[in-house]
Amino acid sequence: MSRLVVVTGATGFVGPPLIAALARRGWKLRLLVRRWSPLPSLDGIEAELVLGDLLDEAALRRLVDGADTVIHAAGLIKARRPSDFMAVNRDGTALLSALAPEARVILLSSLAAREPQLSPYGASKRAAESVVTGRSGPWLVVRAPAVYGPADRETLAYFRAAARGFAPRPRLDGARLSLIHVADLAEALALAAEQPPPPSIYEIR
């Protein structure tokens, strides 16, 4: 039987290319899909869908049942209240991790977790990392920089400004802006599932 990998964030920006990268490697796929989200475009890829979200314990139990690997790519990047970041990014990660004690959990985190004091988002991602690194089962944390690619709107303003010759630059001398294409991030995560390195926090820069 094919190995079973679970993916959260299947309908997000990283989800579709990640699903495609895993399918190319022969993984059996099970995806968490929020009830109010459009179904992911699978382009002929076979996958089992579980309807629910990161705070739905019953859905998460169905999601991780029998899974070899859990790639946790879902997360809140915008919120009305700082507490919303913690509820989803920290508490959702904690519930998912607790329900999959034997599976390898790969958390997609952010370089923002380096400096959690700078933003509620960064603090919530650092808190999610603490959950995963404290697991007794196998784990991996991948910190990604800003992600860009087709259909992305978060970094679109930056590229539009750069196309007009007005690219913002960091105020500090020697500071750098780190970006990764969504297809490259998807391949990195799929490779981490296929050939997992020792448990640690890894940064893609």
Side-chain angles (χ1 to χ4, degrees), residues 4-25 27-43 45 47-57 59-64 67-79 84-97 99-100 103-113 121-122 124-129 131-132 139-155 180-193 202 204:
L4 174 61
V5 62
V6 159
V7 178
T8 69
T11 59
F13 180 45
V14 178
L18 173 57
I19 292 165
L22 292 165
R24 287 194 297 271
R25 288 168 167 81
W27 286 90
K28 181 179 178 182
L29 293 159
R30 186 184 293 154
L31 316 175
L32 182 66
V33 179
R34 291 175 297 179
R35 290 180 175 85
W36 58 87
S37 296
L39 295 180
S41 176
L42 299 176
D43 294 325
I45 297 171
E48 179 185 354
L49 304 183
V50 174
L51 298 181
D53 58 45
L54 291 175
L55 303 180
D56 184 340
E57 182 173 348
L60 293 185
R61 285 188 184 278
R62 295 193 301 273
L63 181 74
V64 302
D68 298 290
T69 299
V70 176
I71 301 182
H72 183 27
L76 202 62
I77 61 173
K78 292 181 179 179
D84 293 339
F85 285 114
M86 285 295 184
V88 174
N89 295 344
R90 179 194 62 194
D91 300 343
T93 300
L95 182 56
L96 181 67
S97 176
L99 293 173
R104 182 181 308 279
V105 173
I106 299 174
L107 171 66
L108 175 58
S109 187
S110 167
L111 290 182
Y121 170 73
S124 70
K125 297 303 282 187
R126 173 67 74 86
E129 292 182 355
V131 168
V132 172
W139 61 271
L140 198 68
V141 173
V142 177
R143 286 179 177 172
V147 186
Y148 72 97
D152 170 47
R153 296 191 176 278
E154 299 301 321
T155 59
I180 187 170
H181 193 277
V182 65
D184 294 330
L185 177 57
E187 289 295 329
L189 292 171
L191 183 61
Y202 295 89
I204 302 178

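Remember, predicted model here, so these are calculated numbers, not experimental data. Atoms considered below: every heavy atom in the structure, side chains included; atoms not considered: hydrogens, waters and symmetry mates.
- From Ile77, atom CD1 reaches atom OG of Ser124 across 11.0 Å, with rounding to the nearest 0.5 Å.
- Residues Thr8 and Leu63 have side chains in contact (heavy-atom distance under 4.5 Å, counting atoms from C-beta outward).
- Once rounded to the nearest 0.5 Å, the distance linking CG of Asn89 with CD of Glu129 reads 11.0 Å.
- In this structure, Gly52 and Ala59 approach most closely via the heavy-atom pair CA-CB, 3.9 Å.
- In this structure, Tyr121 OH and Met86 CE are separated by 12.5 Å, a value rounded to the nearest 0.5 Å.
- In this structure, Leu31 and Leu42 have side chains that are in contact, with non-hydrogen atoms separated by less than 4.5 Å.
- Between the side chain of Asp68 and the main chain of Leu4, a donor-acceptor pair closer than 3.5 Å is present.
- In this structure, Glu187 pairs ionically with Arg24, as a charged nitrogen and a carboxylate oxygen lie closer than 4.0 Å.
- Using modelled atom types, no side-chain atom of Ser97 and backbone atom of Ala94 make a donor-acceptor pair closer than 3.5 Å.
- Looking at Leu185 and Leu108, their side chains come closer than 4.5 Å, going by heavy atoms from C-beta outward.
- Scanning both residues, Ala21 and Ala186, for their nearest heavy atoms gives CB-O, 4.0 Å.
- Note that CG of Leu189 is 6.0 Å distant from CD1 of Ile204, once rounded to the nearest 0.5 Å.
- Arg34 places no side-chain N or O within donor-acceptor distance of the main-chain N or O of Thr11, the cut-off being under 3.5 Å.
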**Message:** Under the criterion side-chain contact (heavy atoms from CB on, under 4.5 Å), I'd like the reasoning laid out for Lys125 against Arg143: C-alpha separation, chi angles, the key distance, then a yes or no.
**Reply:** CA-CA 9 Å; Lys125 297 303 282 187; Arg143 286 179 177 172; over 6 Å; no
**Prompt:** What's the verdict on side-chain contact (heavy atoms from CB on, under 4.5 Å) for Leu107 and Trp139, showing C-alpha distance, side-chain angles and the deciding distance?
**Reply:** CA-CA 8 Å; Leu107 171 66; Trp139 61 271; over 6 Å; no
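- Here the side chains of His72 and Ser109 are not in contact, with every heavy-atom distance at 4.5 Å or above.
- From Trp27, atom CH2 reaches atom CD1 of Ile45 across 15.0 Å, with rounding to the nearest 0.5 Å.
- At a threshold of 4.5 Å between non-hydrogen side-chain atoms, the residues Val5 and Ile71 count as touching.
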| said: Under the criterion side-chain contact (heavy atoms from CB on, under 4.5 Å), I'd like the reasoning laid out for Leu32 against Leu60: C-alpha separation, chi angles, the key distance, then a yes or no. | reply: CA-CA 8 Å; Leu32 182 66; Leu60 293 185; 4.0 Å; yes
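- Taking each heavy atom of Val70 and Ala100 in turn, the nearest pair found is CG2-CB, 4.2 Å.
- Rounding to the nearest 0.5 Å gives a distance of 8.0 Å between CZ of Arg61 and CG of Leu95.
- A pairwise comparison of heavy atoms in Ala190 and Leu18 identifies N-CD1, 4.2 Å as the closest pair.
- Nearest heavy-atom pair across Ala67 and Ala103 is O-CB, 3.5 Å.
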